[in-house]
Amino acid sequence: MLFNTIVNLPISIGGIGLMEFAYSFTLGLVGATPALAFSTALLLRAKTLFHAGIGSLLYPFVSDGSPIREGVPMEVTNKYGENGDD
């Protein structure tokens, strides 16, 4: 929770530097060395970028080019199957 709050502050582009600071500070509070905390943050950043890269390579093969909302009915019904138009 604390990491997400710090990383999502609109201070830097993509939270670069903020996540590393958050991990260094927070893990330092529980006794980790600054080098270990910073290394952990960099490994997590690398993991995120790696997974995003795999997703960007696979996306053209699994997408059909249609919008996500295509095929979704525009009529909204309530839990009784009625559309609410009285």
Side-chain angles (χ1 to χ4, degrees):
M1 173 91 174
L2 178 65
F3 297 124
N4 290 335
T5 304
I6 292 174
V7 170
N8 288 321
L9 291 174
I11 296 174
S12 69
I13 297 173
I16 295 175
L18 293 176
M19 184 179 81
E20 289 77 9
F21 166 76
Y23 272 95
S24 297
F25 178 76
T26 307
L27 293 177
L29 292 176
V30 296
T33 64
L36 177 65
F38 188 69
S39 297
T40 302
L42 289 180
L43 283 173
L44 288 172
R45 171 94 49 199
K47 180 185 95 82
T48 301
L49 293 174
F50 177 73
H51 288 152
I54 290 174
S56 67
L57 291 174
L58 293 178
Y59 180 74
F61 299 108
V62 297
S63 69
D64 60 356
S66 63
I68 294 174
R69 293 184 180 206
E70 185 175 305
V72 176
M74 297 305 287
E75 182 179 307
V76 179
T77 59
N78 61 20
K79 65 181 179 179
Y80 303 110
E82 301 166 350
N83 65 4
D85 294 335
D86 292 331

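Values below: every heavy atom of this structure, side chains too, minus hydrogens, waters and symmetry copies.
The two residues G53 and S56 have their closest heavy-atom pair at O-OG, 2.8 Å. The two residues S24 and A37 make their nearest non-hydrogen contact at CA-CB, 3.5 Å.
The other residues sharing a hydrophobic cluster with F38 are L42, where clustering joins ILVMFWY side chains under 4.5 Å apart. Connectivity analysis of hydrophobic side chains (ILVMFWY, heavy atoms under 4.5 Å, direct or indirect) links L43 to nothing; its cluster partners are none. The hydrophobic cluster containing F50, built from Ile/Leu/Val/Met/Phe/Trp/Tyr side-chain heavy atoms closer than 4.5 Å, also comprises I54, L58.
L36 and V30 fall into different hydrophobic clusters, where Ile, Leu, Val, Met, Phe, Trp and Tyr side chains are chained together by heavy-atom contacts under 4.5 Å.
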